[in-house]
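To keep things clear, I will list the structure first and then write my remarks on it.
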Amino acid sequence: EGDGRVVWVDNVHVLRKRGAVSRLLEGLLERGVDVSFVSSTDGCITQIARGGVQVVVTNIGRSRADSGLILIELLRQSGFSGGILVHSKSARADPQLSQACLECGATGVLSEEQAEDEVLEALRA
């Protein structure tokens, strides 16, 4: 399936300790998806400026939701037309936070069970 390019915005050291995320990443890599990790908005914008990014995945936690929502808005304002997906237990658990993500320009909040397929679908869009 491969050739997709995803930028994942999150704390990489914490990310690797999350079992569900590790399984998701392994599945994407097995399917040939190129996943780059960045830990900041600046890092994400830099990757996009280099070209070839099709999908951005970001984590939005309750305590720092504003920074994640700002990232989504910045991506849309800068003209990024690819998929912006939110991988967040907080957003899945809180309908208001999930709605705020969508209103800021996210294309979806990843489900726990279907996240891999949802990322692959966004790459095909």
Side-chain angles (χ1 to χ4, degrees):
E1 279 175 77
D3 298 332
R5 182 135 183 262
V6 174
V7 171
W8 196 295
V9 186
D10 202 345
N11 180 329
V12 177
H13 302 295
V14 173
L15 192 67
R16 295 185 185 197
K17 294 178 185 174
R18 296 183 189 137
V21 174
S22 292
R23 286 188 299 279
L24 167 61
L25 293 172
E26 286 172 18
L28 291 173
L29 294 171
E30 285 173 8
R31 291 173 123 170
V33 176
D34 175 14
V35 181
S36 300
F37 300 97
V38 296
S39 59
S40 68
T41 296
D42 288 346
C44 181
I45 301 280
T46 299
Q47 288 291 320
I48 289 170
R50 290 181 181 152
V53 175
Q54 296 166 273
V55 174
V56 171
V57 178
T58 187
N59 180 25
I60 293 183
R62 281 194 184 109
S63 63
R64 298 201 48 176
D66 288 348
S67 61
L69 295 173
I70 289 168
L71 170 63
I72 294 168
E73 287 179 334
L74 281 173
L75 291 173
R76 289 302 180 216
Q77 289 171 4
S78 71
F80 180 69
S81 60
I84 301 174
L85 302 171
V86 176
H87 190 273
S88 165
K89 285 183 182 178
S90 299
R92 284 191 297 274
D94 182 346
Q96 287 181 319
L97 180 55
S98 180
Q99 186 60 37
C101 293
L102 298 173
E103 288 172 2
C104 285
T107 51
V109 175
L110 296 173
S111 66
E112 192 75 39
E113 306 78 26
Q114 301 295 319
E116 184 178 332
D117 290 335
E118 291 165 346
V119 172
L120 292 170
E121 184 177 318
L123 285 167
R124 288 189 287 269

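Quick note: residue numbers are just sequence positions, from 1.
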_Could you work out, with side chain to side chain contact (heavy atoms under 4.5 Å, CB included) as the rule, every residue matching E30, not counting sequence neighbours?_
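E30 satisfies side chain to side chain contact (heavy atoms under 4.5 Å, CB included) with no residue once adjacent residues are dropped.
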
Using every non-hydrogen atom in the two residues, find where [X] and [Y] come nearest and quote the distance to one decimal.
X	Y	value
A93	P95	O-CD, 3.5 Å
S98	A91	CB-O, 3.2 Å
S111	R92	CA-CD, 4.0 Å

*Who passes salt bridge (charged side-chain N to carboxylate O under 4.0 Å, His left out) against E113, sequence neighbours left out?*
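Checked E113 against salt bridge (charged side-chain N to carboxylate O under 4.0 Å, His left out); zero matches.
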
*In chain order, what residues pass the salt bridge (charged side-chain N to carboxylate O under 4.0 Å, His left out) check against E116, with sequence neighbours excluded?*
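Salt bridge (charged side-chain N to carboxylate O under 4.0 Å, His left out) check on E116 returns R31.
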
*Supply the atom-to-atom distance N59 CG to L85 CG, rounded to the nearest 0.5 angstrom.*
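Separation between the atoms: 12.5 Å.
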
_Under 3.5 Å: donor-acceptor pair, side chain of T107, backbone of I84_ =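 Indeed, once roles are kept as given, a pair shorter than 3.5 Å links the two residues.
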
_Sole candidate of V55, L25, L24, V119 that passes side chain to side chain contact (heavy atoms under 4.5 Å, CB included) when paired with V35_ =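 Considering V55, L25, L24, V119, a side chain to side chain contact (heavy atoms under 4.5 Å, CB included) with V35 is found only for L25.
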
_Holding to side chain to side chain donor-acceptor pair (under 3.5 Å), I want the full list of residues that pass it with E103, two or more places apart in sequence or in another chain._
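For E103 the side chain to side chain donor-acceptor pair (under 3.5 Å) partners, ignoring immediate neighbours, are Q99.
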
*Could you tell me which residues satisfy side chain to side chain donor-acceptor pair (under 3.5 Å) with Q96, sequence neighbours excluded, listed by chain and number?*
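Side chain to side chain donor-acceptor pair (under 3.5 Å) list for Q96, sorted by chain: empty.
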
Is there a side-chain contact between [X] and [Y] in this structure, where contact means two heavy atoms from C-beta onward sitting under 4.5 Å apart?
X	Y	answer
V7	T58	no
L110	V57	yes
L120	R124	yes

Distance-only check: which donor-acceptor pairs under 3.5 Å involve side-chain atoms of residues 39-52, not counting sequence neighbours?
{"unit_1": "S40", "atom_1": "OG", "unit_2": "G43", "atom_2": "N", "d": "3.0"}
{"unit_1": "T46", "atom_1": "OG1", "unit_2": "D42", "atom_2": "O", "d": "2.9"}
{"unit_1": "Q47", "atom_1": "OE1", "unit_2": "R5", "atom_2": "NH2", "d": "2.5"}

Side-chain donor-acceptor pairs of residues 68-76 under 3.5 Å, sequence neighbours excluded:
{"unit_1": "R76", "atom_1": "NE", "unit_2": "G105", "atom_2": "O", "d": "3.0"}
{"unit_1": "R76", "atom_1": "NH1", "unit_2": "F80", "atom_2": "O", "d": "2.7"}
{"unit_1": "R76", "atom_1": "NH1", "unit_2": "G82", "atom_2": "O", "d": "2.9"}
{"unit_1": "R76", "atom_1": "NH2", "unit_2": "G82", "atom_2": "O", "d": "3.0"}
{"unit_1": "R76", "atom_1": "NH2", "unit_2": "G105", "atom_2": "O", "d": "3.1"}

